[in-house]
Amino acid sequence: MAGFLRKLVPKRFRKEGVIIPVVRLQGAIMSGGGQFRPILNLTNVAPVLEKAFSDKEAPAVAIAVNSPGGSPVQSRLIFTRIRELAREKQKKVLVFVEDVAASGGYMIALAGDEIIADPTSIVGSIGVVSGGFGFPELLKKIGVERRVYTAGENKVILDPFQPEKEKDIEYLKTLQLEIHEVFITMVRERRAGRLKDDEAVFSGLFWSGTRGLELGLVDSLGDMRQELKRRYGPKTRLQLVTAARSLFGRRVPGVSPVSIDGLASGLATGLVEAAEEKALWSRYGL
């Protein structure tokens, strides 16, 4: 009975301490994904963010970021959603970097009013990278003739089964520079007054949390639990916010009937995504 009556008392009058919602954003950032391989994108994280920011009593939302990057589009969409919710709900956003917040992972971290990293975290990698494989001689060796018909002279730009063309590479680099400039602008705006005047910051290099603090990429060093208790009192409680689950334990949304063909397709796609994700983590020795 005492517990029930205590719940009727407004949170601000209870002696339970402040509750801080915690959202974990972990993994490579890619569109798509599914039940076999959860990844970071706006579709997956939006419900969790909405739930975390809906706590009217919480003075802040803590976000743990552990991502080597990936899609710049999804990274920016997640960043934008966090900032929109912060303004709408009038919440302070504290981002805590775990192993790595690099490239798109750091773009998401920029959504924080403050960024706190571990001294051994990896931050930065403010740049744009594109990659792939070329197989111009493969078809000849296995006796296969490839036939491609297009309307538009550039529809097969960067075709992996053709030799690289200088004009294709120049065009790709132009796109990369445009995206890089967007990233640089975001960093300058969000880290205004804190970022050191060092052009190496935008070179694509990445640093430890300690060096990131010196460069102004992060605001302080520490860990989530100790930092939140220091700010909001020793009775502060961290409440992990997760996606809703169905009766059978699957995350919602994203649950759909699985056919044999769909299962095979999902497994094949998962293998490709796993390889891409492994490559992203490997860049930072993880």
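All values reported here derive from a predicted model rather than from experimental measurement.
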**OP:** With the side chain counted from C-beta on, respond yes when Gln74 and Ser31 share a heavy-atom pair under 4.5 Å apart, and no when they do not.
**Re:** yes
**OP:** Look only at the side chain of Ser103 and the backbone of Gly105, and say whether a donor-acceptor pair between them is shorter than 3.5 Å.
**Re:** no
**OP:** To the nearest 0.5 angstrom, please state how far the CD atom of Glu227 sits from the OG1 atom of Thr236.
**Re:** 11.0 Å
Original post:
After noting the C-alpha distance and the side-chain angles of Met186 and Met107, does the key distance pass the side chain to side chain contact (heavy atoms under 4.5 Å, CB included) rule?
Top reply: CA-CA 8 Å; Met186 291 176 66; Met107 185 182 287; 3.4 Å; yes
Original post:
Is it true that a side-chain atom of Asn44 and a backbone atom of Ile39 form a donor plus acceptor pair closer than 3.5 Å?
Top reply: yes
Original post:
Which distance, rounded to the nearest 0.5 Å, do you find between the CG of Leu94 and the CZ of Arg231?
Top reply: 5.0 Å
Original post:
Would a distance-only check, ignoring hydrogens and angles, find a side-chain to backbone donor-acceptor pair under 3.5 Å from Arg191 to Gly216?
Top reply: yes
Original post:
Which pairs count as salt bridge (charged side-chain N to carboxylate O under 4.0 Å, His left out) when at least one residue sits in residues 174-188, sequence neighbours excluded?
Top reply: Arg188-Glu199
Subject >> Working for side chain to side chain contact (heavy atoms under 4.5 Å, CB included), residues Ile78 and Leu25 >> reply: CA-CA 10 Å; Ile78 294 171; Leu25 300 181; 4.3 Å; yes
Original post:
Are Val61 and Met224 joined in one hydrophobic group, where the rule is that I, L, V, M, F, W and Y side chains link up if heavy atoms are under 4.5 Å apart?
Top reply: no
Original post:
Near Arg194 CZ, under 6.0 Å, is it more than 12 heavy atoms from other residues, nucleotides or ligands?
Top reply: yes
Original post:
What closest approach, in Å, do Leu40 and Gly27 show between heavy atoms, and which atom pair accounts for it?
Top reply: CD1-O, 3.5 Å
Original post:
What pair of heavy atoms forms the shortest contact from Pro21 to Ala52, and how long is it?
Top reply: CG-O, 3.5 Å
**OP:** Please tell me if the side chains of Pro59 and Ile20 come closer than 4.5 Å, counting only heavy atoms from C-beta onward.
**Re:** yes
Original post:
Is there a chain of hydrophobic side chains (I, L, V, M, F, W, Y, each step under 4.5 Å between heavy atoms) that links Leu215 to Val97?
Top reply: yes
Subject >> Separation between OG of Ser75 and CG of Leu42, rounded to the nearest 0.5 Å >> reply: 11.0 Å
Original post:
Atom CD in Gln90, atom CZ in Phe53: separation rounded to 0.5 Å?
Top reply: 12.5 Å
Original post:
Say you draw a straight line from CZ of Arg76 to CZ of Arg81; how long is it, rounded to the nearest 0.5 Å?
Top reply: 13.5 Å
Original post:
For the side chain of Asp118 and the backbone of Glu98, is there at least one donor-acceptor N/O pair under 3.5 Å apart?
Top reply: no
Subject >> salt_bridge(Lys91, Asp113) N-O dist < 4.0 Å >> reply: no
Original post:
Name the one of Val218, Val22, Ile116, Ile63 that satisfies side-chain contact (heavy atoms from CB on, under 4.5 Å) with Phe96?
Top reply: Ile116
Subject >> Same cluster (ILVMFWY, side-chain, under 4.5 Å), Tyr232 and Val93 >> reply: no
Original post:
Between Phe202 and Leu195, is any pair of side-chain heavy atoms under 4.5 Å apart?
Top reply: yes
Original post:
So, Arg237 side chain and Ile19 main chain: donor-acceptor pair closer than 3.5 Å or not?
Top reply: no
Original post:
Does Val95 belong to the same Ile/Leu/Val/Met/Phe/Trp/Tyr cluster as Val241, with side-chain heavy atoms less than 4.5 Å apart forming each link?
Top reply: yes
Original post:
Closest heavy-atom contact between Ala109 and Ala101?
Top reply: CB-CB, 4.4 Å
Subject >> Under 3.5 Å: donor-acceptor pair, side chain of Ser121, backbone of Asp99 >> reply: no
Original post:
Is a side-chain donor or acceptor of Ser67 paired with a backbone partner of Gln26 at a separation under 3.5 angstrom?
Top reply: no
Original post:
When Leu110 is tested against each of Ile82, Ile126, Val187 for side-chain contact (heavy atoms from CB on, under 4.5 Å), which residue passes?
Top reply: Val187
Subject >> Donor-acceptor contact below 3.5 Å, side chain His180 vs main chain Gly204 >> reply: no
Original post:
Would Leu240 and Arg24 count as a side chain to side chain contact (heavy atoms under 4.5 Å, CB included) if you check the C-alpha gap in whole Å, the side-chain angles of each, and the deciding distance to 0.1 Å?
Top reply: CA-CA 8 Å; Leu240 181 63; Arg24 290 185 57 82; 3.8 Å; yes
Original post:
Below 4.0 angstrom, N of the basic side chain to O of the carboxylate: do Asp223 and Lys229 qualify?
Top reply: no
Original post:
Given Leu217 and Tyr106, is the side chain to side chain contact (heavy atoms under 4.5 Å, CB included) satisfied, shown in steps?
Top reply: CA-CA 9 Å; Leu217 294 172; Tyr106 185 72; 3.5 Å; yes
Subject >> Distance (rounded to the nearest 0.5 Å) between Trp207 CH2 and Glu214 CD >> reply: 11.5 Å
